[in-house]
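Okay, so here's the structure we're looking at.
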Amino acid sequence: MTPLSREDMARRAARDIPDGAFVNLGIGMPDQIPDHIPPGREICLHSENGILHMGPRPPEGEEDWEMINAGKKPVTLLPGGSFFDSGLSFAIMRGGHLDISVLGGFQVSARGDLANWSTGANDGVPAVGGAMDLACGARQIWVLMEHVAKDGAPRIVERCTYPLTAKGVVRRIFTNLAVIDVEADGLVVCEIVPDLSMDRLQDLTGAPLRPAPDLRVLTV
Amino acid sequence: MTPLSREDMARRAARDIPDGAFVNLGIGMPDQIPDHIPPGREICLHSENGILHMGPRPPEGEEDWEMINAGKKPVTLLPGGSFFDSGLSFAIMRGGHLDISVLGGFQVSARGDLANWSTGANDGVPAVGGAMDLACGARQIWVLMEHVAKDGAPRIVERCTYPLTAKGVVRRIFTNLAVIDVEADGLVVCEIVPDLSMDRLQDLTGAPLRPAPDLRVLTV
Amino acid sequence: MIDRRVATYANAVAGIRSGATVLLGGFGGAGVPLGLVAAIDRADLRDLTVITNNGGSHEPDLSVWLHARRVRKLVCSYPKARIKTNTIFAELYLAGQIELELVPQGTLVERIRCGGAGLGGFYTPVGVGTDLAHGKETKVIGGREYVLELPLRADVALIKARAADRLGNLVYNKAARNFAPVMATAADLVVAEADELVELGDLDPESVVTPGILVDRVVRRGAPQ
Amino acid sequence: MIDRRVATYANAVAGIRSGATVLLGGFGGAGVPLGLVAAIDRADLRDLTVITNNGGSHEPDLSVWLHARRVRKLVCSYPKARIKTNTIFAELYLAGQIELELVPQGTLVERIRCGGAGLGGFYTPVGVGTDLAHGKETKVIGGREYVLELPLRADVALIKARAADRLGNLVYNKAARNFAPVMATAADLVVAEADELVELGDLDPESVVTPGILVDRVVRRGAPQ
């Protein structure tokens, strides 16, 4: 079996974002999603620091350091974009106005709990930023993460061992091995990479999986 | 003794508004205050419906019905004025950003309780508008009202019998007979109209009064 | 493509049902979306709960719905008409034919903001010790007494704007702004009636008051029924 | 006459004392009033409580105060520096030389708004069931669990604007707006550093973001010390 590259993970997630969606993309892997939106779809990107309808990074030399995204990288504004203060920006996030938030993750539980802000290690500076707010208000929360941690430990677990970001919020998980929906009664595998068995995927997962009735091959 | 006219009551209150003050004027008698601001003072008027730095009524024929004050009367905007939504407008009122609110009143108690939104009669439609909000947040709340009601009953009372607008908020009362400060230990008469004795003023008042050490004659 | 523009008032109010809770913009005569009010009237909806600042006047505003007995309940700060020629709300209210929830204006707008911002409630000093806080939970915080107020949300918000673009971005005119930007955050369906529809990019990104993410439909004032 | 303009940075920060609580605008490098940060540094203030989104970077921002040990406590959502060259906050924090109150970003700005709007607190779903809600009061409202968050206010707010006039009206530039309009509501003394001072009437009344009533002093960026 061949796990998806990080680029292909972003490409796969991008495919599920419908035309006309208002979306917030977390820092890290979800950053790459805009590069892979299928042609013909108009997606409107929100940034927590008060921007709607962000465009790509400007050409080198044209960066404006008062025009940055949540990751503090220079971006541009598309026609029809707008600026607002952090108060309204987070009201938009909490208030159910975003169609989709795509976030990175350390762990997701079988009930959709998300841990993505701290490893709980007591040896550094804690920082949460907008992670908890983003995980709370969007109509759909998706997580984009490697299926297992660097040490091979499952990231999809019965119960998160890392500090929680939010409880019961994740709807869909895109990993380098599978696309998994979080249903009320557990985790449902919708797509799986070629030449990977459900049994093997289960071995790499810390919570029970069941195949969707129309389980498909995960291709990009 | 000659009670002040309504116009002179407004003129007297206007005299106490310092240069540079941000002020909200309630509907009714306080409306007239802007006409009597002493020359050389710049006062910035706030309107609850989202206007800062209101100017006078426009000339007839130039009314703009999307440019009205809290009393729904046409007004103008002075240079440096601005518009904002009701959310920010009431945040400004509640949040202590106004220097002074001058309100009409039905009754004021010895402890500064204000009743100015309802007579409590159960025969009409109740309406509160922004009365309670205005009575809550300004740094100073002043009341401009006749000293006694039409039937001769005192409006300054030990305890309000009309439904309360807010408790313990009034700092100064301008009536047609006197200027009275609400102090922690009771009501202090600062000014009294010519040829009215403190005894007679007390007869017209439902709570104990004491003269200020520098009690003055109320003139305009 | 994102396109919030609809060609007719019928499209603007399509799908709104009898029994709906409606946020209606406006303070006095400024900012009431009169075309949308008329469209709801033509759609013959009943049993509405209306959240709005005023109780209707001699203009073809909320009073149109009141005359046609479309409103079950009004949540409002100032239901009294100042101009005595319109007493329809008073008539209905005194006859017991309409329910009234009277809310201080600042608490009204803050409750709507609370609903639109995904919050569960807030503590305000306004109303403490008065009849309008009767029966409400109170709490002393930092030595001051506050009353707990709960969020307001609606099925639909009807608001008026000066200009709109196809993304749904809105700007307003003067004192007609009032409740609209807050109401636009707090309904499942947000419909704006705009004096003017403009091209994408015509609105200054620094001056957009309501970003399009909050708006579902925009109709030009004076569009066909 | 109302005139919020001051000629020098020394005047802009006059009267601010050691021990003060300071709201400092900015998100990342955008919107930090660097001139005011330097002026506070020159004033040699100590024992500050700073409420701000980020913990300082390689720019002459909060990190200047941290290097000079001016900050007793930081209330902040993202104290970690992304760029590893600045670790002054980490150094102080790990050595136990600075106190940290970590607050989710949306809760941070909402707490500031709450303080500025004269409210006593609010219930938010953010943080429920997480370490950051540990020990906080919770309440179930409409079947959902919320955590009670309390207002934040400060002695002084230091913010950056694009332009200001003598009344103190402010407009901002792009993503440098972020926390500033909310911080401008929540301090006893609000000081803005503006790229440009303009004549009264030059700012479009529809586009003013922070009305002058909220602002006490404005200083032009690059003004004399």
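Here the structure is a predicted model, which is why all the values come from computation and not from measurement. In the text below, chain A, chain B and the rest are named by the order of the sequence lines, each starting its count at 1.
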If every non-hydrogen atom of A:Leu88 is compared with every non-hydrogen atom of A:Asp85, which pair is closest and at what distance? N-OD1, 2.9 Å

Under a 4.5 Å heavy-atom cutoff, which of D:Leu100, D:Val128, D:Asn178 has the most pairs with chain A? D:Asn178

What part of D:Arg177 lies closer than 4.5 angstrom to a heavy atom of chain A: side chain, backbone, both or neither? side chain

So which of D:Ala30, D:Ala180, D:Ala175, D:Pro125 has the largest heavy-atom pair count under 4.5 angstrom toward chain A? D:Ala175

Shorter than 4.5 Å, heavy atoms on both sides: which option in D:Gly28, D:Pro104, D:Ala176, D:Gly129 has the most such pairs with chain A? D:Pro104

Measuring heavy-atom distances to chain D, does A:Ile68 have an atom under 4.5 Å in its side chain, in its backbone, in both, or in neither? both

Looking at chain D, which one of A:Gly129, A:Ser82, A:Ser118, A:Ala135 has the largest number of heavy-atom pairs inside 4.5 Å, strictly under? A:Gly129

Does any backbone or side-chain atom of D:Tyr93 lie under 4.5 Å from a heavy atom of chain A? Answer side chain, backbone, both or neither. side chain

All heavy atoms of A:Ala207 vs all of A:Leu187, minimum pair found to be CB-CD1, 3.8 Å

If we ignore angles and hydrogens, is there a donor and acceptor under 3.5 Å between the side chains of A:Glu66 and D:Tyr172? no

If you tally heavy-atom pairs under 4.5 Å between each of D:Leu108, D:Leu132, D:Asp131 and chain A, the highest tally belongs to D:Leu132

If we ignore hydrogens and angles and just use 3.5 Å, is the side chain of D:Thr52 paired with the main-chain N or O of D:Leu24 as donor and acceptor? yes

Has the side chain of A:Asn176 got a donor or acceptor atom that lies under 3.5 Å from a matching backbone atom of A:Pro3? no

Quick one: are D:Glu110 and D:Phe122 in side-chain contact, heavy atoms under 4.5 Å? yes

Where is the tightest heavy-atom contact between A:Met145 and A:Val108, given as atom of each residue plus distance? CE-CG2, 3.7 Å

Any side-chain to backbone donor/acceptor pair from A:Asn69 onto A:Val75? Under 3.5 Å, distance only. no

Chain D shares the most heavy-atom pairs under 4.5 Å, among A:Cys136, A:Ser47, A:Ala91, with A:Cys136

Going by an N to O cut-off under 4.0 Å, is there a salt bridge joining D:Asp195 and D:Lys160? yes

If I measure from the heavy atoms of chain A, does D:Thr107 come under 4.5 Å with its side chain, its backbone, both, or neither? both

Under 3.5 Å: donor-acceptor pair, side chain of A:Arg41, backbone of A:Ile17: yes

Mind ranking A:Asn49, A:Asp113, A:Leu164 by heavy-atom pairs under 4.5 Å with chain D and telling me who comes out on top? A:Asn49

Heavy-atom pair count under 4.5 Å with chain D, highest-scoring of A:Lys167, A:Met67, A:Glu48: A:Glu48

Applying a strict 4.5 Å limit to non-hydrogen atoms, the region of D:Val126 in contact with chain A is both

Region of A:Phe90 that comes under 4.5 Å of a non-hydrogen atom in chain D: side chain

Checked D:Val103, D:Asn53, D:Asn173, D:Val209 vs chain A; the most non-hydrogen pairs under 4.5 Å come from D:Asn173

From the list A:Pro163, A:Gly87, A:Pro126, the residue making the most non-hydrogen contacts under 4.5 Å with chain D is A:Pro126

